[in-house]
Structures are given as C-alpha cells and as structure tokens.
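These notes concern the structure reproduced below.
All values reported here derive from a predicted model rather than from experimental measurement. Only this structure's heavy atoms are used, side chains among them; waters, hydrogens and symmetry mates stay out. Quick note: residue numbers are just sequence positions, from 1.
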Amino acid sequence: MSLLARPFLTVFTTLVLLVAPPVAAQEALPMPEGEPLLTVTGEISVTNQDEAAVFDRAMLESMETVTFTTSTIWTEGPQTFTGVPLSELMEAVGATGSSMKATAINDYAVDIPREDWVQDGPILAYLNDGEEMPVRDKGPLWVVYPYDLNASFQSEVIYSRSIWQLDRIVVVE
C-alpha cells in the first residue's frame, strides 16, 4: 500500500465506524442446570445447545414474569397464573418467524401466530395459584391467555392455542 493511500484508508475506516449503526448483541443463553422443561428450535438466533434454546425452570423463572388472575374453561373459579410472556420468550431466543408450532408432551400441537406474541398477551405459565403444575394437572408449562382481560381472548381459536404440558416450540417462517 502506498504512503498516500494509508491516510485515506484510516479516515475511511474511522468514518465507517462512526456512521455504522451498532450491532445489537443478544445475550447468550446459559446452559440449563436443572431438568430441561422447554426446547425452542427453528427460526431463532440465540441458542445454548446445538441449534436449540433449552430452558429449565430456573431459567424461565429468571426472565421477566407476569402474574394475572383469570377464569378458564378448564378450571373452576378464577385462577392466578405466573409465567413468562410469550413475547419475552420469543425475544430472548431471537425468533424471526411468523408463527410457532407449540407441541405438548403427548404430541398434541397447535400453531400460535406472531400476532399473539404481544404485551398483555399469553404467558408461558409455570405457576397456578402460586404452585408448580404437575404433568397430570396441565403442567409443567401451560400457554395461558388473560381470557377475562379481553373478549377477543374468549374464542374457540384462542382456547385451542392454550396448550398445556408444553415441552417444545418450533418457530417457523
């Protein structure tokens, strides 16, 4: 490189660094230390095990949580649910797809569109009335919408997306 080209290259590199937008670095997911409860794969950019994001209970509990009380068609009386907003979970794994295929332990599966991954939308509940949910009682993870908050959450379509015994999600285009 000629002596005349070096100052130009230095100035050009400095300008690029000053003008270029910063790259948003997503925090890496830690490895689960306990029993894995949820595996997220597909169109995601943040992983911790091969091409998957695997979560144990402690990892889910360490994320932003929401608690709300609502009635459901499967339980008696209002229930208080605590869990991670679906929107928060999808952000944590860098989801870029337009929907997710949520699958339960017994292989029951539903599609949940990106439009549902909103604030004040569904949560991935891990507590019901302050207690962990056993597998025989819809646990350990249940997608719960705040049904009483909005009449649009009281439809057969939304009820069908309220999958319990959830253990895997595939984010799809």
Side-chain angles (χ1 to χ4, degrees), residues 26-27 29-44 46-49 52-95 97 99-155 157-172:
Q26 289 186 298
E27 210 171 298
L29 289 175
M31 292 295 292
E33 294 180 16
E35 177 186 349
L37 294 183
L38 178 68
T39 301
V40 182
T41 58
E43 300 298 320
I44 63 173
V46 180
T47 62
N48 60 359
Q49 208 171 75
V54 180
F55 295 86
D56 62 13
R57 179 171 299 282
M59 292 169 68
L60 293 171
E61 290 174 343
S62 73
M63 298 176 74
E64 173 190 330
T65 60
V66 168
T67 298
F68 57 73
T69 300
T70 191
S71 303
T72 81
I73 62 172
W74 307 278
T75 57
E76 296 216 11
Q79 308 281 308
T80 301
F81 294 97
T82 300
V84 177
L86 222 44
S87 59
E88 174 75 14
L89 179 69
M90 292 296 97
E91 183 177 319
V93 298
S99 71
M100 68 171 68
K101 179 179 180 184
T103 305
I105 294 168
N106 67 358
D107 292 330
Y108 173 78
V110 298
D111 291 323
I112 302 174
R114 185 178 197 95
E115 292 79 38
D116 284 12
W117 314 346
V118 294
Q119 189 172 14
D120 296 328
I123 64 171
L124 184 58
Y126 49 78
L127 296 178
N128 182 0
D129 288 336
E131 301 289 328
E132 293 181 7
M133 297 175 286
V135 171
R136 71 178 185 285
D137 195 18
K138 301 179 180 49
L141 301 174
W142 182 3
V143 175
V144 179
Y145 289 72
Y147 310 103
D148 295 345
L149 180 67
N150 187 323
S152 68
F153 290 147
Q154 299 170 14
S155 72
V157 170
I158 296 299
Y159 294 146
S160 73
R161 294 176 185 163
S162 302
I163 184 170
W164 55 76
Q165 297 178 338
L166 178 71
D167 72 341
R168 57 205 160 199
I169 293 172
V170 178
V171 179
V172 295

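For the side chain to side chain contact (heavy atoms under 4.5 Å, CB included) with Ile169, the qualifying choice from Leu89, Thr41, Thr39 is Leu89, the only one to do so.
You'll find the ring centres of Tyr126 and Trp142 outside the 6.0 Å limit.
With Asn128 contributing its side chain and Phe81 its backbone, the two residues share no donor-acceptor pair below 3.5 Å. With hydrogens and angles disregarded, a donor-acceptor distance shorter than 3.5 Å links the side chain of Gln79 to the backbone of Glu76. Between the side chain of Asp56 and the backbone N or O of Glu33 there is at least one donor-acceptor pair closer than 3.5 Å. At least one donor-acceptor pair under 3.5 Å links the side chain of Asn48 to the backbone N or O of Val54. Formation of a donor-acceptor pair under 3.5 Å by the Arg168 side chain with backbone atoms of Val40 is not found in this model. A donor-acceptor pair is defined here as one N or O able to donate and one able to accept, closer than 3.5 Å; no such pair exists between the side chain of Arg161 and the backbone of Val110. No side-chain donor-acceptor contact under 3.5 Å links Thr80 to the backbone of Thr69. In this structure, Gln165 contributes its side chain and Lys138 its backbone to no donor-acceptor pair below 3.5 Å. Here the side chain of Thr82 pairs no donor or acceptor atom with the backbone of Thr67 at under 3.5 angstrom.
For the pair Glu88 and Ile123, the minimum side-chain heavy-atom distance is 4.5 Å or more. Taking 4.5 Å as the limit, some side-chain heavy atom of Leu38 sits within range of a side-chain heavy atom of Leu141. Here the side chains of Pro140 and Glu132 are not in contact, with every heavy-atom distance at 4.5 Å or above. With a 4.5 Å cut-off on side-chain heavy atoms, Arg114 and Met100 do not count as touching. Considering only heavy atoms from C-beta on, Leu166 stays 4.5 Å or farther from Thr103 through its side chain. Proximity of Phe68 to Val144: side-chain heavy atoms (C-beta onward) are separated by under 4.5 Å at one or more points. Side-chain contact check for Val170 versus Val172: some heavy-atom pair is nearer than 4.5 Å. The shortest distance between side-chain heavy atoms of Gln49 and Leu29 does not fall below 4.5 Å.
With rounding to the nearest 0.5 angstrom, the CZ atom of Phe55 is 9.5 Å from the CG atom of Leu124. Expressed to the nearest 0.5 Å, how far CE of Met90 lies from CD1 of Ile112 amounts to 9.0 Å. Summarising the geometry, atom NZ belonging to Lys101 is positioned 10.0 Å from atom CD1 belonging to Ile163; distances are rounded to the nearest 0.5 Å. The CH2 atom of Trp117 sits 12.0 Å away from atom CD of Glu91, with the distance rounded to the nearest 0.5 Å.
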Problem set entry | Test salt bridge (charged side-chain N to carboxylate O under 4.0 Å, His left out) applied to Arg57 and Glu35, step by step | CA-CA 8 Å; Arg57 179 171 299 282; Glu35 177 186 349; over 6 Å; no
For this session: Using the side-chain contact (heavy atoms from CB on, under 4.5 Å) rule, take Leu37 and Met59 through it: C-alpha gap first, then chi angles, then the decisive distance, then the call.
Result: CA-CA 10 Å; Leu37 294 183; Met59 292 169 68; over 6 Å; no
Problem set entry | From CA spacing to verdict: ring-ring contact (aromatic ring centres under 6.0 Å, His included), Trp164, Tyr108 | CA-CA 9 Å; Trp164 55 76; Tyr108 173 78; 7.9 Å; no
Problem set entry | CA sep, side-chain torsions, deciding dist, call: Ser87, Val118, side-chain contact (heavy atoms from CB on, under 4.5 Å) | CA-CA 5 Å; Ser87 59; Val118 294; 5.8 Å; no
For this session: Test Ile105 against Val135 for side-chain contact (heavy atoms from CB on, under 4.5 Å), laying out the working first.
Result: CA-CA 9 Å; Ile105 294 168; Val135 171; 4.1 Å; yes
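A donor atom on one side chain and an acceptor atom on the other are not found under 3.5 Å apart for Asn150 and Tyr145. Judged purely by distance below 3.5 Å, without hydrogens or angles, the side chains of Ser99 and Asp111 never pair a donor atom with an acceptor atom.
For the pair Ser162 and Tyr147, the tightest heavy-atom approach, listed with the atom from each and the gap, is OG-OH, 2.7 Å. Minimum interatomic distance between Val66 and Pro85 (heavy atoms only, all atoms of both residues): CG2-CG, 3.4 Å. Shortest non-hydrogen contact noted between Ala92 and Met63 is CB-CE, 3.5 Å. Nearest heavy-atom pair, Gly121 versus Pro146, reported as atom, atom and distance to 0.1 Å: O-CD, 3.4 Å. Taking both residues in full, the closest heavy atoms of Pro122 and Val143 are given as CB-CG1, 4.0 Å, listed atom of the first, atom of the second, then distance.
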